[in-house]
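Have a look at the structure below, then the notes.
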Amino acid sequence: MSPTAQAPLTARRVVFPFTAIVGQEEMKLALLLNVIDPKIGGVMIMGDRGTGKSTTIRALADLLPEIDVVADDPFNSHPTDPDIMSDVVREQLIGGASLKVAKKKVTMVDLPLGATEDRVCGTIDIEKALSEGVKAFEPGLLAKANRGILYVDEVNLLDDHLVDVLLDSAASGWNTVEREGISIRHPARFVLVGSGNPEEGELRPQLLDRFGMHAEIRTVKEPTLRVQIVEQRSEFDRNPQTFLEEYQTPQSALQAQLISAQELLPSVKIEYDLRVKISQVCSELDVDGLRGDIVSNRAAKAIAALEGRQEVTINDIRRVIPLCLRHRLRKDPLESIDSGYKVEKAFSRVFGLEVAEEQRPVTASNGR
């Protein structure tokens with residue numbers, strides 16, 4: 001598959017290139033790992049206003065390679081994988097029908113704050129169902145997001161019930177709509193990305209725990225780096241096509257790396273001893289449930305696959321475990337989420353390493 005050169009640059013939607021984004025390493029890593037293994041469970045990004053959260057997520061969606069879908073199917077059904085195809089497509093396949101396959105860019109769906117449950121999940125036309133005897137279903141945003149990215153900005157301001165619905169679908173990979181005894185379901189496997197500003201309130205711990213990873217970004221303080229970001233953004237706004245062409249090679253290289261990582265992931269192994277120590281870290285931190293253990297294992301495998309390796313190392317675990325556990329720690333309601341230092345200390349203790357001094361990644365912004 002030819003990476004980003006699927007169509008002439010002039011025909012593409014102009015999006016700031018992912019590889020041009022300065023800093024924000026924590027957020028970028030979390031997003032890439034979720035693309036490699038969507039079962040990690042999405043990422044919650046918390047940070048100051050204007051730190052480029054939306055820019056980065058749109059850039060990621062634009063970077064991803066095209067996927068094979070069943071033509072004219074509203075659910076972006078996979079042409080051969082029954083787990084990611086709608087019931088209608090599956091029935092056609094079982095009946096021996098020939099499916100028309102099309103290429104499609106990975107969809108990024110923006111969930112507006114005022115969205116209703118019907119708009120998100122879809123609706124059943126009861127009148128048509130009763131009069132014509134057919135299941136008349138109007139797909140919602142979850143259908144559109146299948147096999148793509150669902151982005152919820154200001155997720156901490158969204159109604160808790162709606163957040164619950166999104167998280168349930170993201171976890172199960174299916175969306176079920178029931179009304180007046182009629183039930184319809186369709187695949188809804190997507191990478192859920194939520195963002196918000198901690199000053200506007202945190203998510204309830206029960207909901208926060210359901211996000212696989214939690215990334216923090218802050219406004220960069222270094223003046224020279226700020227100047228670089230401003231100049232870079234100005235250059236992109238002045239001449240987007242020239243800017244995109246400059247980054248075509250690194251974009252193509254990263255896209256190829258992601259494709260290789262997805263193919264390698266099933267063969268990545270993590271030693272039993274390392275798995276035990278991950279669970280020991282979770283136990284020492286008094287993390288509720290087993291989500292922390294599961295996500296840490298998945299993320300460690302994903303980062304190994306990203307770097308083209310089949311064995312997980314201690315350093316892989318060190319790099320991902322703060323992202324996987326920091327939002328699962330029990331804390332005083334008045335405290336903000338720990339930066340990851342507590343997780344680092346527990347990790348170093350369990351793995352017998354020296355406790356590293358707290359190091360926050362340099363973060364930066366390319367505007368929203």
Side-chain angles (χ1 to χ4, degrees), residues 13-35 38 40-64 106-115 141 145 148-158 162-163 166-167 170 190-203 207-208 210-222 225-226 228-230 232-234 236-237 247 251 254 299 320 322-324 326-327 336-340 360-368:
R13 182 170 47 98
V14 180
V15 176
F16 196 90
F18 188 84
T19 51
I21 293 169
V22 178
Q24 302 181 348
E25 300 309 322
E26 213 179 73
M27 170 169 64
K28 290 194 291 190
L29 178 63
L31 290 170
L32 291 174
L33 297 185
N34 272 275
V35 166
I40 285 173
V43 56
M44 178 68 184
I45 301 164
M46 287 301 245
D48 304 330
R49 290 180 294 275
T51 43
K53 298 185 285 287
S54 303
T55 298
T56 307
I57 294 150
R58 287 188 177 86
L60 177 72
D62 188 64
L63 169 76
L64 298 179
V106 169
T107 309
M108 177 190 157
V109 177
D110 253 316
L111 183 76
L113 262 182
L141 294 175
I149 297 171
L150 182 61
Y151 175 49
V152 190
D153 195 11
E154 309 294 358
V155 67
N156 43 343
L157 303 181
L158 201 63
L162 212 48
V163 177
L166 296 176
L167 289 164
F190 50 83
V191 175
L192 180 64
V193 182
S195 71
N197 182 351
E199 292 174 6
E200 292 166 353
E202 297 278 4
L203 269 183
L207 295 177
L208 196 56
R210 304 266 300 277
F211 279 91
M213 304 177 98
H214 186 286
E216 284 187 345
I217 55 173
R218 287 181 175 77
T219 306
V220 67
K221 303 297 183 190
E222 177 60 47
L225 197 53
R226 290 173 77 118
Q228 180 190 341
I229 293 162
V230 171
Q232 194 185 45
R233 185 74 213 192
S234 300
F236 172 75
D237 290 339
Y247 282 89
Q251 287 281 101
L254 180 55
V320 300
L323 290 164
C324 300
R326 63 154 64 106
H327 56 302
S336 62
I337 287 179
D338 180 69
S339 67
R360 294 185 185 279
V362 177
T363 57
S365 163
N366 292 84
R368 291 183 61 143

Can a donor-acceptor pair be found, under 3.5 Å and without considering hydrogens, that links the side chain of Glu26 to the backbone of Ile217?
no
Query - Heavy-atom side-chain contact between Leu60 and Leu32 under 4.5 Å - result: yes
* Asked: Heavy-atom distance under 4.5 Å between the side chains of Leu167 and Phe211, does that happen here?
  -> yes
The side chain to side chain contact (heavy atoms under 4.5 Å, CB included) partners of Asp110 (sequence neighbours excluded) come to Arg58, Met108, Tyr151
When every non-hydrogen atom of Gly148 is compared with those of Val106, the smallest separation belongs to CA-CG1, 3.7 Å
One should read off an interatomic distance between Asp62 CG and Ile149 CD1, to the nearest 0.5 angstrom, of 10.0 Å
Residues Asn34 and Gly41: closest non-hydrogen pair is OD1-N, 3.7 Å
When rounded to the nearest 0.5 Å, the distance separating CG of Leu166 from CG of Leu158 is 6.5 Å
- Query: Heavy-atom distance under 4.5 Å between the side chains of Phe190 and Thr107, does that happen here?
  - Reply: no
Please tell me if the side chains of Ile57 and Ile45 come closer than 4.5 Å, counting only heavy atoms from C-beta onward. yes
Here the gap from Asn197 atom CG to Met46 atom CE, rounded to the nearest 0.5 Å, amounts to 7.0 Å
Heavy atoms of Ser54 and Asp153 approach each other most closely as OG-OD2, 4.1 Å
Rounded to the nearest 0.5 angstrom, the CD-OG1 distance for Gln24 and Thr55 is 8.0 Å
Closest heavy-atom pair, Ile21 versus Ala59, reported as atoms and distance to 0.1 Å, is CD1-CB, 4.0 Å
On a heavy-atom basis, the closest approach of Gly196 and Lys53 is O-CE, 4.1 Å
Taken to the nearest 0.5 Å, the spacing of Glu216 CD from Arg326 CZ works out to 4.5 Å
> Can any side-chain N or O of Gln251 pair as donor or acceptor with the backbone N or O of Leu63 at less than 3.5 Å?
Replying inline: no
Separation between CD1 (Ile40) and CG (Leu192), nearest 0.5 Å, reads 13.5 Å
Of all heavy-atom pairs linking Ala299 and Cys324, the shortest is CB-SG, 3.7 Å
Donor-acceptor contact below 3.5 Å, side chain His327 vs main chain Met44: no
